[in-house]
Asks: 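Got a structure for you, questions after.
Values below: all heavy atoms of this structure, side chains included; hydrogens, waters and symmetry mates excluded.
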Amino acid sequence: KDLKGLSDMRLTEKLITHATSTKIVEIVHVLDRAAAGAVIAIALIFMKTEDQTVARKIDVPESTLQFDYVRPDILLLRTVAKNLILWSEIEPTMPWVEASLPLAYRGNSKLDSIRKLRSTDLPFFSILAGICFSIALRFSGSASTKVRDLLLHYLDQFMRISSITPTQRAHPDAAPLYDEELARANARMCQDVLTLSAAIVMAGTGDISVLRRLRALHGRDDPNVPYGSHLSAHLAVGALFLGCGTATFGTSNIAIASLLLSFYPVFPTGVMDNRAHLQAFRHFWVLASEQRCLVS
């Protein structure tokens, strides 16, 4: 609201257009590359401003039919952006999580009824992961057991979903169903987001409940687990034991922006993969860390 010299450029409107426009076949490559950056820009410009108008515009579509025109990772980012704008409204409760979901998904907000991998669930998984990531940023470094237990519930569910056994096929050597593998890859990405979310909240505490999950995720000897999953698990271990227990993460504007960039919820497929996000930005968590000690 303080862009006096830039008001005639209509930056906000342009960013929202790039962030929320549906795909047009002729310029899909332009929109796909610009959408994520525009969403993050809106989130950073209006962070904690409680601007209902911008939050409503950047939020995910109301109709599930529109999800066919938005990538799942963009749905996740748009969910995070909306909640960062409406900062004070974030609540670490199951009813708030359910109320934050689109109407079509509210009946399964706990994820416990998912028994089969289907690509139609990609938007649901992504939006839910975005909600959990928003809660983690809101209560960053708080060491709240209430928030931790909520995030661990969803982490356990995504770990279960990503390990669902593939459908039996007529021929044992047949390739796995593409639809199922697409859903598994997305569930694994959401699992990585929840791993980091739990570590953000319990940063510097070495919490045993979070550590148990991280031990299961650390050093997985599975050729199907991508580099990004190992990266997120190791980042989470580092955050959990930040400064050997003498430091944690803050919630200032610079801290939240740094955590958003360093734990950006799109993970690389390989060591040299910098297409979606520069891996050098993963070190920005240091700008969010602050020393804390108790003097009795």
Asks: Please confirm whether the backbone N or O of Ser262 pairs with a side-chain atom of Arg282, one donor and one acceptor, at under 3.5 Å?
Replies: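 Side chain of Arg282 to backbone of Ser262, a donor-acceptor pair under 3.5 Å: yes, one is there.
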Asks: Do Ile45 and Thr12 come close enough that some side-chain heavy atom pair is under 4.5 Å?
Replies: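 Heavy-atom side-chain distance check fails, nothing below 4.5 Å.
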Asks: Do Leu137 and Ile254 share a hydrophobic cluster (ILVMFWY, side-chain heavy atoms under 4.5 Å, transitive)?
Replies: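 Hydrophobic grouping puts Leu137 apart from Ile254.
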Asks: Is there a side-chain contact between Pro123 and Tyr105 (heavy atoms, below 4.5 Å)?
Replies: yes
Asks: Side-chain donor-acceptor pair under 3.5 Å between Ser88 and Glu50, yes or no?
Replies: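 Yes.
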Asks: Is a side-chain N or O of Asn253 found less than 3.5 angstrom from the main chain of Ala255, in a donor-acceptor match?
Replies: no
Asks: According to ring-ring contact (aromatic ring centres under 6.0 Å, His included), who are the partners of His234, at least two apart in sequence or on a separate chain?
Replies: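 His234 satisfies ring-ring contact (aromatic ring centres under 6.0 Å, His included) with His218 only.
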Asks: So if you build clusters from Ile, Leu, Val, Met, Phe, Trp, Tyr with side-chain heavy-atom gaps below 4.5 Å, do Leu194 and Trp96 land together?
Replies: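 The answer is yes; both residues are in one hydrophobic cluster.
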Asks: Going by the rule ring-ring contact (aromatic ring centres under 6.0 Å, His included), which residues pair with His277 if we only count those two or more places apart in sequence or in a different chain?
Replies: Tyr264, Phe281
Asks: Do Leu75 and Leu122 touch side chain to side chain, with heavy atoms closer than 4.5 Å?
Replies: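 Sidechains of Leu122 and Leu75: no contact.
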Asks: How would you list, by chain and number, every residue that makes a ring-ring contact (aromatic ring centres under 6.0 Å, His included) with Tyr154, sequence neighbours excluded?
Replies: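 None.
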Asks: What distance separates Leu84 CG from Ile58 CD1, expressed to the nearest 0.5 Å?
Replies: 11.0 Å
Asks: Using a strict threshold of under 4.0 Å (side-chain N to carboxylate O), is an ion pair present between Asp222 and Arg220?
Replies: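 Here Arg220 does not pair with Asp222 in a salt bridge, since their nearest N and O are not under 4.0 Å apart.
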Asks: Give me each pair satisfying salt bridge (charged side-chain N to carboxylate O under 4.0 Å, His left out) with a member in residues 231-247, each pair once, sequence neighbours excluded.
Replies: none
Asks: Is any side-chain heavy atom of Thr248 less than 4.5 Å from a side-chain heavy atom of Ser289?
Replies: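 The answer is no; the side chains never approach within 4.5 Å.
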Asks: Going by the angle between their ring planes, with limits at 30° and 60°, are Phe263 and Phe249 parallel, tilted or perpendicular?
Replies: perpendicular
Asks: Using a strict 4.0 Å threshold on nitrogen-to-oxygen distance, state whether Asp59 and Arg78 make a salt bridge.
Replies: no
Asks: Just to verify, what does Thr195 make a side chain to side chain contact (heavy atoms under 4.5 Å, CB included) with, not counting sequence neighbours?
Replies: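 Partners of Thr195 by the side chain to side chain contact (heavy atoms under 4.5 Å, CB included) criterion, ordered by chain and then number, come out as Leu155, Gln191, Leu214, Leu217, Ala236.
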Asks: Could you check if a side-chain atom of Pro92 sits within less than 4.5 angstrom of a side-chain atom of Phe139, using non-hydrogen atoms only?
Replies: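 Counting from C-beta outward, Pro92 and Phe139 do come under 4.5 Å.
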Asks: Quick one: are Phe241 and Thr205 in side-chain contact, heavy atoms under 4.5 Å?
Replies: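 Not touching, per the 4.5 Å side-chain cut-off.
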Asks: Spell out, as yes or no, whether a donor-acceptor pair under 3.5 Å connects the side chain of Arg138 to the backbone of Ile90.
Replies: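 Side chain of Arg138 to backbone of Ile90: no pair is present.
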Asks: I'd like to check the ring-ring contact (aromatic ring centres under 6.0 Å, His included) partners of Phe158; sequence neighbours left out, ordered by chain and number.
Replies: Phe125
Asks: Report whether Val271 and Leu231 are members of the same hydrophobic cluster (ILVMFWY, side-chain heavy atoms less than 4.5 Å apart, transitive linking).
Replies: yes
Asks: Is the shortest side-chain heavy-atom distance between Gln291 and Thr246 below 4.5 Å?
Replies: yes
Asks: Kindly work out whether a path of hydrophobic side-chain contacts (I/L/V/M/F/W/Y, heavy atoms less than 4.5 Å apart) joins Val286 to Leu196.
Replies: yes
Asks: Please list all pairs passing the salt bridge (charged side-chain N to carboxylate O under 4.0 Å, His left out) test where one or both residues lie in residues 93-118, with sequence neighbours left out.
Replies: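 For residues 93-118, and leaving out neighbouring residues, the salt bridge (charged side-chain N to carboxylate O under 4.0 Å, His left out) pairs sorted by first residue read Arg118-Asp121.
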Asks: If we ignore angles and hydrogens, is there a donor and acceptor under 3.5 Å between the side chains of Asp73 and Ser126?
Replies: no
Asks: To the closest 0.5 Å, what do you measure between NE2 (His283) and CG (Leu235)?
Replies: 8.5 Å
Asks: Hey, could you give me the CD/CD1 distance between Glu91 and Ile135, rounded to the nearest 0.5 Å?
Replies: 9.5 Å
Asks: Who are the side chain to side chain contact (heavy atoms under 4.5 Å, CB included) partners of Asn274, not counting sequence neighbours?
Replies: Leu278, Gln279
Asks: Please check this pair: side chain of Arg160 against backbone of Ile114, looking for a donor-acceptor N/O pair closer than 3.5 Å.
Replies: yes
Asks: Can you name the residues that form a salt bridge (Lys or Arg N to Asp or Glu O under 4.0 Å) with Asp156, not counting sequence neighbours?
Replies: Arg213
Asks: Closer than 3.5 angstrom, by distance alone: can the side chain of Ser140 be matched with the main-chain N or O of Gly250 as a donor-acceptor pair?
Replies: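 Here the side-chain-to-backbone pair exists.
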Asks: Looking only at atom types and distance, does a side-chain atom of Arg184 sit under 3.5 Å from a main-chain N or O of Ser162, one as donor and one as acceptor?
Replies: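 Here the side-chain-to-backbone pair exists.
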Asks: Residues in side chain to side chain contact (heavy atoms under 4.5 Å, CB included) with Leu65, at least two apart?
Replies: Ser63
Asks: Sequence neighbours excluded, which residues qualify as side chain to side chain contact (heavy atoms under 4.5 Å, CB included) partners of Ala41?
Replies: Leu15
Asks: Pairs in or reaching into residues 13-22: which pass salt bridge (charged side-chain N to carboxylate O under 4.0 Å, His left out), with residues at least two apart or in two chains?
Replies: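 Sorted result for residues 13-22: Arg10-Glu13.
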Asks: So does Lys57 have more than 12 non-hydrogen atoms from other groups sitting under 6.0 Å from NZ?
Replies: no
Asks: I'd like to know if the side chain of Ser258 reaches the main chain of Trp285, judged simply by a donor and an acceptor atom lying under 3.5 Å from each other, with no hydrogens or angles considered.
Replies: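 Such a contact is absent between Ser258 side chain and Trp285 backbone.
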